[in-house]
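Single-structure report; data block below.
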Protein chains: 2
Amino acid sequence: MLETAILGLLNESPLHGYELRKRLNLLLGSFRAFSYGTLYPALKALEARGLIETADPAPTATTGRSGARSATGRPSSGGKAPLATGRRGRIVYQLTAEGKEHLQTVLSSSGPAAWEDESFDVRFALFAQTDAETRLRILEGRRTRLTERLEAVRESAARTRERLDEYTLELQRHGLEQVEREVRWLDGLITTERDRVRGRERDHTAGASDAPAQRSKERG
Amino acid sequence: MLETAILGLLNESPLHGYELRKRLNLLLGSFRAFSYGTLYPALKALEARGLIETADPAPTATTGRSGARSATGRPSSGGKAPLATGRRGRIVYQLTAEGKEHLQTVLSSSGPAAWEDESFDVRFALFAQTDAETRLRILEGRRTRLTERLEAVRESAARTRERLDEYTLELQRHGLEQVEREVRWLDGLITTERDRVRGRERDHTAGASDAPAQRSKERG
DNA sequence: GACTCGACGTATCGAGTCGATACATCGTGA
DNA sequence: TCACGATGTATCGACTCGATACGTCGAGTC
């Protein structure tokens, strides 16, 4: 799933590892952070599979043909631009054609692999690059998954009650409440997405395209 | 932290691995499950450190002096008792004196190691075995930790806004809301604990002991 | 009885991940 | 000038998970 996140971010713009990690952790709401020990091996694996490649943004020379680590190819022009200007021997990665293709395949899939705990956040963060039908299917799958879990926990709690102390009970109650709240959150998103799909079906030639629809101004 | 959880559970009653795992996962609200690949090595390490030992619940013989795997020492008496009766060569673990001592040391500690993400749930689940002052300190530490994180996320979000799409924003908003809710949950618990400590200070010889105080009947 | 099946029970392996750390360059300010 | 912190790439050891293997037991089924 890290791979999907990397591919999704690189599809927006080429990036180097350090920046990639920052955006990755920002993307996932700053919880669930990935470390370098995870990121760099993943980048190498992706490169070995031909899904990403090292870019060379420097206009000078470019003598080393495919060798990474373009040493200090700094153009000295950009005085202050905080990102995007090369500061030292960065290794900037970008998607290959094959990588783009693979990303599209992954983004249009909506199996269990999309709505499990580990992957749902990543897939959701890439919803802007996902078509509406797939978004809806992932949200519904996630909802079903959480509901099942809720059911299982409640059942096992009912079988085991009495034996637990006050604090354990409170911990369980709080956990259940968090999941219930997430289900309600999903409900809201599903409704929005359904309206979106329906609206597109109705006047499917009018102005609005599909990805960035209007923000619902609810939530007071 | 798995070790603390094991010690805490074994302090209530001797258990074997399978049952231990079930209770462990029940204890933590059925989220954050530990697998056998984690549990068994931990048990071995604990045994090697002399904090736990294998018990022999069978009344017959007990010839094998300290050998684990007491083969089929089943007493044949218990007709239906669902737990606690030995069914086969289980390996039942119990605390040693040293283990109990170590557990008490851990339970009375309240450093950062107690309120970080990985460990807080375990420490909270063992609150019934923790004294009130330590409970309070852990809850407050946790609250501070979450507040700090909230602050950091908000700040970095403020620095990076505009560039994010609708869905990423929504994911962030939802994540923040979850944490805010947890802070409010902690507030309630802290209030309860403070009342508890104060009540005990006031009439600190009257009936109620310290651990299982009355349930506050709020939450409608 | 002989059969299967699912719960119970111990145990290990490979793959993935984290946290800490090393090393190097650059800008900034005392 | 020199320390310090941000930027940047990279690796190592320790830990954890999910899957799986292997085995026992009780209950049903014909």
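Every chain is numbered from 1, with letters handed out A, B, ... down the list of sequences.
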Selected nucleotide, minimal atom distance to [X] side chain, candidates [options]:
| X | options | answer |
| --- | --- | --- |
| A:Y18 | D:dT7, D:dT16, C:dC8 | D:dT7 |
| B:T38 | D:dT16, D:dA10, C:dG9 | D:dT16 |
| A:K44 | C:dA11, C:dC8, D:dT11 | D:dT11 |
| A:Y36 | C:dC8, C:dA11, D:dT11 | D:dT11 |
| A:I91 | C:dC8, C:dC18, D:dA10 | D:dA10 |
| A:F34 | C:dC18, D:dT11, D:dA6 | C:dC18 |

Inset, instruction - Map B:H16 and B:P41 onto DNA chain C by nearest heavy atom, then report which one ends up closer to the 5' terminus. - result: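 On the 5' side of the pair lies B:H16.
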Legend entry - B:Y18 versus B:R90, side-chain donor and acceptor atoms under 3.5 Å: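 B:Y18 and B:R90 do not have a side-chain donor-acceptor pair below 3.5 Å.
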Legend entry - No-hydrogen, no-angle side-chain donor-acceptor test under 3.5 Å, A:W185 and A:E180: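 No, because no side-chain N or O of A:W185 sits under 3.5 Å from a partner of the opposite role on A:E180.
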Legend entry - Atom pair CG/CG of B:L126 and B:N11 - distance to nearest 0.5 Å: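 One finds 9.0 Å between CG of B:L126 and CG of B:N11.
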Inset, instruction - Under 4.0 Å between any heavy atoms, over every strand shown, what does B:G17 touch: base, sugar-phosphate, or nothing? Just pick one. - result: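 Sugar-phosphate, backbone atoms only, no base.
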If I take atom [atom1] in residue [X] and atom [atom2] in nucleotide [N], what distance separates them, rounded to the nearest angstrom?
| X | N | atom1 | atom2 | value |
| --- | --- | --- | --- | --- |
| B:M1 | D:dA14 | CE | C1' | 16 Å |
| B:E47 | C:dT10 | CD | C1' | 14 Å |
| B:L15 | C:dT10 | CG | P | 10 Å |
| B:R90 | C:dA7 | CZ | P | 17 Å |
| A:L39 | D:dA10 | CG | C1' | 11 Å |
| B:E118 | C:dG19 | CD | C1' | 10 Å |
| B:K22 | C:dA7 | NZ | P | 11 Å |
| A:R23 | D:dT7 | CZ | P | 13 Å |

Inset, instruction - Would you mind telling me which of B:R142, B:R181, B:R143 makes a salt bridge (Lys or Arg N to Asp or Glu O under 4.0 Å) with B:D187? - result: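 It is B:R143, the one option of B:R142, B:R181, B:R143 that forms the salt bridge (Lys or Arg N to Asp or Glu O under 4.0 Å) with B:D187.
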Legend entry - Steps toward side-chain hydrogen bond (donor to acceptor under 3.5 Å, both in side chains) verdict (A:Q129, A:Q104): CA-CA 9 Å; A:Q129 304 182 39; A:Q104 290 312 315; 5.3 Å; no
Inset, instruction - With a 3.5 angstrom cut-off on both distances, give the Watson-Crick or G-U wobble partner of C:dT17, or none if there isn't one. - result: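 Checking every strand shown, C:dT17 finds its partner in D:dA14, with both distances under 3.5 Å.
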